[in-house]
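Nothing here was measured: the structure is a model prediction, and the numbers come from that model. Residue numbers begin at 1 in each chain, while the letters A, B, ... track the order of the sequences.
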Amino acid sequence: MFGDLPFENQGQIVPVLVPVAVAGPYSYKVPEDMQVRPGSIVRVPLGSRSVIGAVWDGEADKSVNPKKLKSIQQVFSADPLQEDLRRFVDWVANWTLGAPGMVLRMVLRSEEALEPEKQVLGFRRIPGKEPERKTAARQRVLDLLDDGMAWTKAGLSGAAGVSPSVIDGLKDHGVLETTLLPATPPLPDPDPTLPGPTLTDMQKEAAERLVAAVGNGFKCFLIDGVTGSGKTEVYFEALAEALRRGQQTLILLPEIALTSQFLDRFERRFGVRPAEWHSQVPARRRERTWRGVANGEVKVVVGARSALFLPFCSLGLAIVDEEHDGAYKQDDRVPYNARDMAVVRGHITGFPVILASATPSVESRVNAQLGRYDLISLPERASGAAMPELVGIDMRTDGPERGRWLAPSLVKAMQETLTAGNQVLLFLNRRGYAPLTLCRTCGHRFHCENCSAWLVEHRFRGRLVCHHCGYSQPIPDKCPECGKPDSLVACGPGVERIGEDVADLFPEARVLVLSSDLPGGTERIKREMDLIERGEVDIVIGTQLVAKGHNFPLMTLVGVIDADLGLANGDPRAAEKTFQLLAQVTGRAGRINGGGKGFLQTYNPDQPVIQALLSGNPESFYDVEIESREHAGLPPFGRLAALVVSGPDRVSAESYARHVVSVAPVDSPVSILGPAEAAMAQVRGRFRFRILVIARRGFDLQGFLRAWLQRVNQPKNNIRLQVDIDPQSFM
DNA sequence: AGCACGCCGACT
DNA sequence: GTCGGCGTGCTC
């Protein structure tokens with residue numbers, strides 16, 4: 001197989017990347033009768049077990065004790081990993097501060113995929129041979145085999161409606177012969193020549209820019225297109241070009257968006273379904289896709305973030321849809337953002353990458369502003385329908401009476417919508433009945449025993465539930481503090497409580513309350529969504545579950561119950577996330593037929609998020625966000641392994657980075673608390689880590705870091721820490 | 001004594 | 001990530 005290798009390496013020592021959290025490859029001997037080269041996928045002994053790794057680039061580590069060296073046990077028949085993929089693995093490891101072997105593990109996910117798929121036994125006719133006795137069953141089998149094609153036994157007996165023994169009989173009589181079939185016939189390629197949809201002028205221009213980039217090396221595009229602008233149709237044209245060039249395409253979607261709807265759309269455009277890649281695809285099919293991607297049989301993969309690590313042999317385009325979506329972030333094991341790593345893979349291999357969103361993330365917008373990405377704007381809906389007209393309701397002046405949650409102007413609009421035979425969506429991103437329960441006699445508040453969060457009343461289930469850790473208890477009939485019966489009051493609304501309001505106001509309407517805790521799970525939610533789509537519901541009250549997915553043709557009014565929700569929780573992305581969520585949910589109004597309206601109930605109509613939504617001009621909002629983040633010292637692009645923080649930003653900072661080395665009290669300028677060992681423990685298994693220090697202006701950061709280094713580098717800690725102060729490196 | 005569990009270091 | 005060694009502490 002490797003007869004034409006440029007070098008002979010039997011008996012030599014080669015570096016092998018193994019799936020353990022160590023800094024680099026281990027060294028292994030190559031047995032006399034074996035040939036490997038960089039990228040070869042091998043089985044090697046490691047400690048008491050045997051693991052799968054890959055021969056890596058460079059020289060084997062000469063300093064390792066030769067007595068320790070073990071031999072490679074086996075070379076898998078799968079093609080060696082290509083050079084660009086190897087460089088990508090190294091790059092991701094370096095960026096995420098993870099071990100390269102752990103990144104490689106994401107490439108080599110299933111051992112079965114590394115050997116050729118088992119062939120299955122097929123049956124076909126021997127030309128000219130007839131059975132001596134022809135029964136009806138035998139005739140049906142022979143009719144099916146008339147065209148000379150081979151069938152599997154199970155397929156044939158099923159199709160002919162006979163028992164498998166009929167086929168055995170025919171074989172014994174010398175009428176049929178067996179042959180080996182590939183376990184699965186290769187799928188037909190997606191067809192780029194099928195007629196696409198008619199594009200608007202704006203879409204056409206965007207598509208042309210993308211098409212021109214395919215095959216011309218790396219370039220990153222950001223498609224900023226409003227809901228309904230036809231982003232998908234536009235990037236499908238680039239995909240068609242990649243297909244015409246015989247190149248592969250990867251489409252990344254957030255896990256939640258991987259619905260059959262997208263696959264249907266793909267099939268309508270290209271005639272076949274693409275290969276799918278996510279955790280719910282059965283192992284068998286995943287193995288097949290892995291092999292197909294490596295040997296070029298699979299042309300298009302639609303997948304979740306892990307699809308980025310597939311061993312494509314001729315990847316020519318990557319598309320990241322909903323690029324702002326947090327589902328692209330992996331938090332456990334190797335922490336990475338698949339959106340950014342897709343850009344890196346494109347850069348290394350040399351192909352264009354398309355990021356698409358109706359509400360781009362702040363960092364992607366920064367990258368577009370800086371000229372790193374090419375911005376493509378699609379500000380209009382492809383159908384010609386106008387974007388919904390959004391209205392803000394100032395709850396301080398135009399709010400509802402006490403104990404009600406819907407402002408009179410929203411109620412009036414709902415009435416009009418229902419009279420016109422259309423649907424209303426009321427959006428409130430809070431499950432349950434009420435977020436806080438307290439005793440009106442003694443003021444006792446119900447806290448979670450485990451995590452001190454407030455317990456959310458779920459009246460339907462009759463329980464108080466902690467949305468943080470899942471703890472729940474029945475709703476008591478008297479206060480546990482003062483013992484007063486019937487003294488508990490629910491404060492604030494959840495979707496269930498809005499449902500109560502709506503039932504009072506619109507007793508005739510068919511109302512559906514939809515949240516992720518709906519009994520019946522995903523299946524039930526799917527069914528309810530279909531119900532809405534068919535127009536069998538008048539008013540939908542939902543959490544963020546209803547923000548994306550299905551299209552509802554009759555939905556022309558969206559009311560946001562609490563547009564301020566989520567803005568005060570200390571997340572540095574709070575404003576950005578709220579903007580994205582509300583843009584998405586209000587974008588549902590009149591998406592298909594136009595004429596939609598949206599109402600935002602708010603206590604602060606002047607804040608940038610609300611202003612950006614109402615004006616339909618997000619630019620200013622993004623500018624504010626970018627500026628405020630730079631001011632706070634938070635990089636738009638994060639690659640932090642550790643974070644040291646002080647001052648009022650500490651809560652935000654905690655949710656910003658996972659590895660918080662230390663958190664200082666709010667009133668101290670900046671400090672690192674606890675022993676250095678504790679700080680180091682946070683980054684165990686890492687060999688380098690980056691630290692972001694957020695300090696007040698005028699603070700002596702250099703002096704602080706010097707002192708910290710001195711403390712950490714005490715001999716007893718057995719640590720050598722160096723700090724390279726380079727604020728630019730975070731960008 | 002016997003073993004369950006958790007911590008820690010080694011793995012080429 | 002996974003395994004084995006070793007210490008602690010609890011039970012038959």
Rounded to whole angstroms, how far apart are OH on A/Tyr28 and P on B/dC11? 11 Å
Would you mind reading off the distance between A/Leu17 atom CG and C/dG1 atom C1', rounded to a whole angstrom? 13 Å
Distance check needed: C/dG1 P versus A/Met106 CE, whole Å only. 11 Å
Please name the pair of heavy atoms, one in A/Val343 and one in A/Phe218, separated by the smallest distance, quoted to 0.1 Å. O-CE1, 3.5 Å
Atom CG of A/Leu69 and atom P of B/dC11 are separated, to the nearest Å, by 12 Å
Please state how far atom CG in A/Leu108 lies from atom P in C/dG1, giving the value in whole angstrom units. 16 Å
Which pair of non-hydrogen atoms, one from A/Tyr336 and one from A/Met106, has the smallest distance, and what is that distance? CE2-SD, 3.9 Å
Given atom CG of A/Asp61 and atom P of B/dT12, what is their separation to the nearest angstrom? 13 Å
Given the ring of A/Trp290, does A/Arg109 sit roughly above its face, with NZ or CZ under 6.0 Å from the centre of the six-membered ring and within 45° of the axis? no
Between B/dC11, B/dT12, C/dG1, which one does the side chain of A/Ala21 approach most closely? C/dG1
If I take atom CD in residue A/Glu59 and atom P in nucleotide B/dT12, what distance separates them, rounded to the nearest angstrom? 21 Å
Indicate yes or no: does A/Glu322 engage A/Arg339 in a salt bridge with an N to O separation below 4.0 Å. no
Closest to the side chain of A/Ser48, out of B/dT12, C/dG4, C/dG1, is C/dG4
How close or far is atom P of C/dG1 from atom OH of A/Tyr26, stated in whole angstroms? 15 Å
When all nucleic acid strands are considered with a 4.0 Å heavy-atom cut-off, which category describes A/Lys68: base, sugar-phosphate, or nothing? base
